[in-house]
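Working notes for the structure below.
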Amino acid sequence: MPIITFPDGAQKTFDSVVSVIEVAKSISPSLAKMALAAEVDGKLVDTAHLLDVDAKLAIVTDQDAAGLEIIRHSTAHLLAQATQMLYPNAQVTIGPVIEDGFYYDFAYKNGFSEADLGKIEKNMYKLVKQNLKIERIEMERDAAVAFFQAKGEHYKAEIIASIPKNEPLSLYQQGDFIDLCRGPHVPSTRHLKAFKLMKLAGAYWRGDNNNEMLQRVYGTAWANKDDLEKYLHRLQEAERRDHRKIGKKQSLFHLQEESPGMVFWHQKGWVLYQIVKQFMRDIFIDNDYQEVHTPQLIDKSLWQKSGHWDKFSEAMFVTGSEHREYAIKPMNCPAHVQIYNQGLKSYRDLPLRLAEFGSCHRNEPSGTLHGIMRVRNFVQDDGHIFCIDTQIQDEVAAFIDLTFKVYQHFGFEDIAIKFSDRPQKRVGSDAVWDKAESALKKALNVKGISWELQAGEGAFYGPKIEFVLKDCLQREWQCGTLQVDFSMPERLNAHYIAKDGSKQTPVMLHRAIVGSIERFVGILIEHYAGALPTWLAPIQAVILNISEKQLDFATIIEKKLKKQGLRVISDLRNEKIGFKIREHSQQHCPYILVVGDKEVENRQISVRQRGGKDLGTMPLETFVKLVTTE
RNA sequence: GCCGAAGUAGCACAGUUGGUAGUGCAACUGAUUUGUAAUCAGUAGGUCGCCAGUUCGAGUCCGGCCUUCGGCACCA
């Protein structure tokens, strides 16, 4: 006699064992029709699940987040079924739900092509029309292994074999297709109404690049066609913001074959770059950093001492001269230790903060390059703080505050913090790592900041805190970083004389706020879709004349505004005013200044703000004030 | 690096079964002297990513390489 309690507190008593779908029917036929699954005492189950004891029950429909997830998961199964019907030699592996959709990895020797995606998708919709029942089957582990082995599904068998023996296993069947799955799934294929296969990619079996490569099919799935359309539209919006497109359109930079992963900055892009750099330079000055500059080419032996050669020699560009081997620096820290080491330091000198906009080269694998976001040559707002271990917490706290301040200034609010602890490939003793990790965690906890743990993701010399921004494509970009390093100062013989006269090794904090300026500029471009705020805009205002008669006046105000420090150009071409306004609007110029006969007569300018807002005519001084106080 | 796709004029793209490469915008020249998102006309512009090959003939077909794009792995 199970008593079922619903989310609103209402209760219903049933005479005997009852299934979820029967409970739903007892409430209303339409609810039964919509039911995808149910949450029973906090656990998700199928609609066929039987209830034999008292339980709290909530029917899950496509209106719930859990419902959407089930739809995506079931769509992944549908993809696998449709694929195996067309390509019986393709073996199934895994098909999880991801943000906005799902994927399924197949082991398929012949490989798929984009054309296959269309065929598979068609077949999926065909199976939806057949409204196949999706049923759960329970099986013992060893029986399941044998079952999949017999079907020639070796990957699946391997997955199941790695599951503990006593755990009950569930399989799901729809038509002839059977897959291992925890579930739950939608009751039948008719519930899968809006999906699209998006792209084809390679992916390593079990995420390990020593394993063979599988064929991954990505798809998106939604509760209805409307949501699917909205999602596709969102993707288009993201594409519109692509920094590579905007960079070309606004002539900010370009890349070319002869320098893969290295940026050719055009005048306008370089202005933006320099604004970011100068802003960070001022931040250094205001926060007691000393800006220094160190060589780009440093003898291999130093990289051997620092430990970089062992770990990253393959990713370093090297060059030789007179029988000596040099590496182009991939980072600035060993060089900063060399500056620190000039002259004996006292505890009174600490913390000593060194900063550098040093040009670094890393030979990143070709497949990783991505516009100006992931490059082989970049400059960071790089800094190293040499301090005593008792000073770590204060330094970390001050850095966190500073970082948030900087991000806010650039217009970023959505920031996540991640904490990465010791990786497998590392230098330094466990005792030293214990010390470093706890110092970082303590600083975070004292500030009351929540963070996500990334186990084993630390740098080889120390644990790190990462500051992660989300861009318009919902991709995460790690910008800021702070790393505690007890190892490198020791390896490179850095010392200070302590209060008691003893010789000690300082701790080194590696830190950056915007990180790679190249990447940060890319993020800014996408964040603002090319319409940069006035303080960042390479061109802040453009002067347009109506006709030749105002040439002289236009030239005079251009000079005057430039003298006031504004970044101004004039467009005096013999074109209609509408045409010129259109062009500069498309370039997202913050202000368009129009001068015609009236303006010449009054010695004023007519100001049009980005977005088409007419601010009327005003004297130059008023405009300068407007822009500088914006 | 691995899997898949792509590379044609400054940019965005078309190019059929292999038969001497096109369109739009931009550029240039001329006319027009214009009042808030496209004035008109004309001209010029290409070793079809690179290298080899098949063919009487290759943008198109085969092979290799480079770069880019989407992922995977990587990211000091």
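Note that these values count all heavy atoms, side chains included, but never hydrogens, waters or copies made by symmetry. Chain identifiers are assigned alphabetically (A, B, ...) following the order of the sequence lines, protein sequences preceding nucleic acid strands; residue numbering begins at 1 within each chain.
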| said: Just the rounded figure in Å: distance from C1' of B/rG7 to NE2 of A/H254. | reply: 16 Å
| said: Using the C1' atom as the point on both nucleotides, what is the distance between B/rG4 and B/rA76, in whole Å? | reply: 30 Å
| message | Reading RNA chain B from 5' onward, which residue's closest nucleotide shows up sooner: A/Y218 or A/C333? | response | A/Y218
| note | Between A/K156 and A/T93 the two heavy atoms that sit nearest each other are NZ-O, 2.6 Å
| said: Please classify the nucleic acid contact of A/K245 as base, sugar-phosphate, or nothing, using heavy-atom distances under 4.0 Å. | reply: nothing
| said: Expressed as a whole number of angstroms, how long is the span from A/F467:CZ to B/rC75:P? | reply: 21 Å
| If you check every side-chain atom of A/H370, which of B/rG71, B/rA73, B/rG70 has the closest atom? | B/rG70
| If we take the P atom in both B/rU29 and B/rU17, what is their distance in whole Å? | 43 Å
| task | Could you tell me whether A/E548 contacts a base, only the sugar-phosphate backbone, or nothing, with contacts defined as non-hydrogen atoms closer than 4.0 Å? | result | base
| Separation between the P atoms of B/rA14 and B/rC61, rounded to whole Å | 15 Å
| note | Per-nt protein contacts along nucleotides 35-42 of chain B (heavy atom under 4.0 Å; B base, S backbone sugar-phosphate only, - none) come out as BBBBB---
| task | Using the ring of A/F460 (Phe, Tyr or Trp, six-membered ring only), decide whether A/K425 places NZ or CZ under 6.0 Å from its centre and within 45 degrees of its axis. | result | no
| For the pair made of CG in A/D105 and P in B/rG4, what is the distance, rounded to whole Å? | 14 Å
| Is A/R511 positioned over the aromatic face of A/F399, cation under 6.0 angstrom from the ring centre and no more than 45 degrees off axis? | no
| request: Have a look at A/K199 and say if it touches a base, only the backbone sugar-phosphate, or nothing, with a 4.0 Å heavy-atom cut-off. | output: sugar-phosphate
| field | Whether over 12 other heavy atoms sit under 6.0 Å from A/Q256 CD | value | yes
| Nucleotide B/rC75, atom C1' - distance to NZ of A/K425 in whole Å | 12 Å
| query | With distance as the sole criterion, do the side chain of A/Y204 and the base of B/rG1 form a donor-acceptor contact below 3.5 Å? | reply | yes
| field | Residue met sooner reading RNA chain B from 5', once A/N110 and A/F312 are mapped to nucleotides | value | A/N110
| message | Can you check the distance between B/rG49 and B/rU8, where both ends of the measurement are the P atom (answer in whole Å)? | response | 6 Å
| said: Without decimals, in angstroms, what is the distance between A/Q424 CD and B/rC74 C1'? | reply: 15 Å
| field | Any pair counted as side chain to side chain donor-acceptor pair (under 3.5 Å), so long as it reaches residues 512-525 of chain A, sequence neighbours left out | value | A/Y273-A/E518
| note | Listing for RNA chain B: consecutive Watson-Crick or G-U pair runs of at least 3, distance cutoff 3.5 Å, ranges ordered by first number, gives B:1-7 with B:66-72, B:10-13 with B:22-25, B:27-31 with B:39-43, B:49-51 with B:63-65
| Residue-phosphate contact under 4.0 Å: A/R573 side-chain N/O, B/rA26 OP1/OP2 | no
| Counting heavy atoms not belonging to A/N110, are there more than 12 under 6.0 Å from its CG? | yes
| query | Can you list the residues that meet the salt bridge (charged side-chain N to carboxylate O under 4.0 Å, His left out) rule with A/K435, with sequence neighbours excluded? | reply | A/D389
| field | A/D208 side chain to A/Y204 backbone, donor-acceptor under 3.5 Å | value | no
| request: May I ask you to establish whether A/R72 and A/W222 are in a cation-pi arrangement, using a distance under 6.0 Å from NZ or CZ to the six-membered ring centre and at most 45° from the ring axis? | output: yes
| query | CG of A/L214 versus P of B/rG4: gap in Å, rounded? | reply | 13 Å
| query | Any donor-acceptor pair under 3.5 Å linking the side chain of A/E153 with the backbone of A/V92? | reply | yes
| query | Across the strands shown, which category fits A/A203 at heavy-atom distances under 4.0 angstrom: base, sugar-phosphate, nothing? | reply | sugar-phosphate
| request: Could you work out the separation of B/rG15 and B/rA6 based on their P atoms and round it to a whole Å? | output: 13 Å
| message | Using a heavy-atom cut-off of 4.0 Å across all strands, would you classify A/G458 as base, sugar-phosphate, or nothing? | response | nothing
| message | Taking atom types as they are modelled, would you say the side chain of A/R244 forms a donor-acceptor pair with the base of B/rC69 within the 3.5 Å cutoff? | response | no
| remark: Closest non-hydrogen contact found for A/S251 with A/K268 is O-CB, 4.0 Å
| field | Touch class at under 4.0 angstrom, heavy-atom based, for A/R206 against every strand present | value | nothing
| request: Please evaluate the base of B/rC74 for a donor-acceptor partner in the side chain of A/R362 within a cut-off of under 3.5 Å? | output: no
| task | Please measure how far the P atom in B/rU43 lies from the corresponding atom in B/rC48, and state the result in whole Å. | result | 25 Å
| said: Counting only side-chain nitrogens and oxygens, does A/S113 get under 4.0 Å of the OP1 or OP2 atom of B/rG4? | reply: no
| To the nearest angstrom, how far is A/K464 atom NZ from B/rA76 atom C1'? | 8 Å
| said: Rounded to whole Å, please give me the gap between NZ in A/K580 and C1' in B/rA26. | reply: 17 Å
| task | Please determine, by modelled atom types, if A/S585 and A/Q587 share a side-chain donor-acceptor pair under 3.5 angstrom. | result | no
| note | By salt bridge (charged side-chain N to carboxylate O under 4.0 Å, His left out), A/D430 pairs with (sequence neighbours left out) A/R422, A/R426
| query | Which nucleotide, B/rC74, B/rA12, B/rA76, lies nearest any side-chain atom of A/Q483? | reply | B/rA76
| Counting only heavy atoms not in A/Q478, do more than 12 fall under 6.0 Å of its CD? | yes
| Taking atom C1' in both B/rA44 and B/rC51, what distance in whole Å separates the two? | 31 Å
| query | Looking only at atom C1', what distance separates B/rG70 and B/rU55, rounded to whole Å? | reply | 36 Å
| message | Once you apply a heavy-atom cut-off of 4.0 Å, does A/Y103 come out as touching a base, just sugar-phosphate, or nothing? | response | nothing
| Any donor-acceptor pair under 3.5 Å linking the side chain of A/Y104 with the backbone of A/P96? | no
Please tabulate, one pair per line, each protein N/O and nucleotide N/O from nucleotides 60-66 of chain B that are separated by under 3.5 Å, including the distance.
from   : atom 1 : to     : atom 2 : distance (Å)
B/rC66 : O2'    : A/E257 : OE1    : 3.4

| A/A201, nearest nucleotide to its side chain (from B/rA12, B/rC75, B/rG71) | B/rG71
